[in-house]
2 protein chains.
Amino acid sequence: MSQTFRHPDILKIAQREGKVTVEGLAEHFGVTLQTIRRDLTELAEANKLERVHGGAILPSGTTNIEYDERRNLNQSSKLAMARACAAQIPEGCSVFLNIGTSTEAVARELLHHRDLMVVTNNMNIANILVDNTDCQIIVTGGALRRSDGGLVGNITIDTIRQFKFDIAVIGCSAMDEDGDLLDFDIHEVGVSQTIIAQSRKCFLVADHSKFSRTAPARIASMRALSTVFTDLPLPRELAERCATWGTQVVLVD
Amino acid sequence: MSQTFRHPDILKIAQREGKVTVEGLAEHFGVTLQTIRRDLTELAEANKLERVHGGAILPSGTTNIEYDERRNLNQSSKLAMARACAAQIPEGCSVFLNIGTSTEAVARELLHHRDLMVVTNNMNIANILVDNTDCQIIVTGGALRRSDGGLVGNITIDTIRQFKFDIAVIGCSAMDEDGDLLDFDIHEVGVSQTIIAQSRKCFLVADHSKFSRTAPARIASMRALSTVFTDLPLPRELAERCATWGTQVVLVD
DNA sequence: TCGTTTATGTTCGCTTTTGCTCGAAATCGA
DNA sequence: TCGATTTCGAGCAAAAGCGAACATAAACGA
């Protein structure tokens with residue numbers, strides 16, 4: 001199969017938009033419709049896209065709608081938080097990336113970091129970082145959770161215990177006023193706790209929607225975190241607690 | 001300015017821009033197009049870049065040409081073998097699926113089996129079986145091998161040891177005349193051996209091309225297998241040995 | 001210093017890509 | 001259901017890009 005500059009770009013656009021049109025791409029690249037059609041035909045032959053009249057869509061199957069919607073939630077601030085977080089991850093270190101859409105955004109920002117060792121219990125993150133050939137990827141074992149591609153359970157915990165990370169990047173479902181991190185899934189809590197225990201530094205990436213929500217399972221106190229990346233100021237009481245604990249808060253946007 | 005000076009620079013530009021053009025680089029370095037072409041050819045041969053008409057792009061880890069080609073090889077008999085193998089896997093049992101294009105084909109045939117517990121060290125298989133909501137998927141941990149999505153290493157072996165499978169489905173790189181299963185990758189051998197040790201029954205899926213090939217690392221003897229699924233009769237001597245060992249041979253097509 | 005190796009420049013057919021045209025197929029609206 | 005419109009893919013010619021071969025210049029080693 002032949003290769004063009006356009007192919008990777010087309011795929012990226014398709015991933016972002018969910019679909020591409022022949023006309024739109026032709027204008028975007030400044031080439032004729034015919035050329036784009038040829039591109040799409042080739043990409044479809046390679047099973048990278050699925051051809052439809054007037055354009056192409058992502059190949060069906062693996063996508064989880066509910067999850068995809070969540071992924072698109074709050075996209076701009078998620079990107080900004082991810083960028084800020086990635087900026088504090090030096091090259092050449094060992095990183096754990098936990099389940100979650102926010103941590104996936106961080107993974108995307110790590111695509112050009114060099115010499116990382118990334119351990120993850122998130123299949124999506126492994127798939128994202130495959131493109132960064134300058135980083136070693138280790139996948140923890142575990143039971144595959146279809147809803148979000150996460151790996152959870154005892155196997156996951158046992159594997160994580162075999163490592164010591166320079167930095168762990170985690171998300172959470174909710175944050176309590178008293179500084180506790182909460183999660184919906186009890187299975188994930190054990191994993192998150194183990195991650196925190198095995199890491200020198202721990203970064204939390206969580207947007208403001210987590211402030212006003214609650215969840216049943218307690219992961220840990222924010223005292224255990226080095227830095228929190230978020231998009232709106234923390235409630236005053238919580239901000240004061242973080243200051244006392246030495247937990248940095250990085251505000252983006 | 002010599003070649004050795006340009007190469008790292010070219011890579012740096014490629015990392016930053018995502019792509020490089022022959023013309024742009026020629027101007028940037030003040031050399032002729034031909035010189036840049038030579039540079040890019042060398043970088044592409046070293047898998048640092050991917051050559052395209054007019055320049056080069058970052059290698060996309062997901063597109064492993066060699067692997068994609070291998071996947072398309074012998075497709076019809078691969079499908080037939082996979083179908084025969086899946087037919088002998090009862091519903092409601094625990095199955096291990098190893099790395100390999102043949103085992104992936106088996107996974108596709110298992111999409112409508114119910115109540116399976118599938119353990120795999122192959123990311124592709126996990127992605128395939130996500131669509132079968134009636135089966136539990138467990139992914140072993142391990143280092144991700146970009147070339148084929150396989151998970152290998154000690155973590156993988158440790159995880160596998162925690163299970164006992166009703167059936168294991170494995171592939172191999174080659175089969176020796178004396179009935180030994182061989183593999184190219186020494187890291188994969190330990191994994192395969194552990195799989196065999198932890199399984200009540202072991203199925204091998206391997207087309208005839210494996211008969212006339214050789215590989216350096218020994219996995220096990222075919223004596224350890226319950227059944228072999230293949231597309232052409234085994235060499236006579238090997239067939240006799242299998243009969244002695246009680247290893248069934250299932251011929252498809 | 002001289003011969004050898006390596007990097008670069010130049011030229012020239014050859015291949016790939018692109019744009020264009022046209023008949024066929026798919027989609028849409030009534 | 002049928003016709004109008006859009007989209008598609010094949011074939012062809014022009015243009016851009018390519019690699020091979022050879023010449024030249026610089027770097028290297030004895």
*asked:* With a cut-off of less than 4.0 Å, is there a side-chain N or O of A:Thr35 near OP1 or OP2 of C:dG19?
replied: yes
In whole angstroms, the gap separating C1' of C:dT18 from CG of A:Leu40 amounts to 15 Å
B:Glu23 atom CD is separated from D:dC18 atom P, nearest whole Å, by 10 Å
From CG of A:Asp39 across to C1' of C:dT18 the rounded distance in Å is 10 Å
In whole angstroms, the gap separating C1' of D:dC8 from CD of A:Glu45 amounts to 14 Å
From CZ of A:Phe29 across to P of C:dG19 the rounded distance in Å is 13 Å
Residues pairing under salt bridge (Lys or Arg N to Asp or Glu O under 4.0 Å) where one sits in residues 84-98 of chain A, two or more places apart or in two chains, turn out to be none
Each nucleotide N or O in nucleotides 19-25 of chain D that has a protein N or O under 3.5 Å away: list the pair and distance.
unit_1	atom_1	unit_2	atom_2	d
D:dG19	N7	B:Gln34	OE1	3.2

In short, the helix from C:dT1-D:dA30 to C:dA30-D:dT1 is bent end to end, axes from five pairs each side, to 10°, by 50°
Mark yes when over 12 heavy atoms from residues, nucleotides or ligands other than B:Glu17 sit less than 6.0 Å from its CD; otherwise mark no.
yes
When rounded to whole Å, the CD to P distance for the pair A:Glu42 and D:dC8 reads 15 Å
By side-chain contact (heavy atoms from CB on, under 4.5 Å), B:Gln34 pairs with (sequence neighbours left out) B:Thr32, B:Arg37, B:Arg38
Contacts of A:Ala86 meeting side-chain contact (heavy atoms from CB on, under 4.5 Å) (sequence neighbours excluded), chain-then-number -> A:Glu109, A:Leu110, A:His113
A:Thr32 has its side chain closest, among D:dC18, C:dC20, C:dG9, to C:dC20
With sequence neighbours left out, the residues meeting salt bridge (charged side-chain N to carboxylate O under 4.0 Å, His left out) with B:Asp134 are B:Arg114
The contact string for nucleotides 25-30 of chain C, one letter per nucleotide 5' to 3', using protein heavy atoms under 4.0 Å with B, S and - for base, sugar-phosphate only and none, comes out as -SS---
Separation of C:dG19 atom P from A:Leu33 atom CG, nearest Å, is 10 Å
Contacts of A:Lys201 meeting side-chain contact (heavy atoms from CB on, under 4.5 Å) (sequence neighbours excluded), chain-then-number -> A:Ile167, A:Phe203, A:Ser226
Hits for salt bridge (charged side-chain N to carboxylate O under 4.0 Å, His left out) against B:Asp180, two or more places apart or cross-chain, chain-then-number order -> B:Arg218
Those residues at least two apart in sequence (or on a different chain) that pass salt bridge (charged side-chain N to carboxylate O under 4.0 Å, His left out) with A:Arg6 are A:Asp39
Residues at least two apart in sequence or cross-chain that pass salt bridge (charged side-chain N to carboxylate O under 4.0 Å, His left out) with A:Asp185, listed by chain then number, are A:Arg145
- prompt: Is the number of heavy atoms from other residues, nucleotides or ligands under 6.0 Å of B:Leu232 CG greater than 12?
  reply: yes
Sorted by chain and residue number, the side-chain contact (heavy atoms from CB on, under 4.5 Å) partners of B:Ala206 (sequence neighbours excluded) come out as B:Cys172, B:Met175, B:Leu204, B:Lys210
B:Glu27 CD to C:dG9 P, in whole Å, measures 14 Å
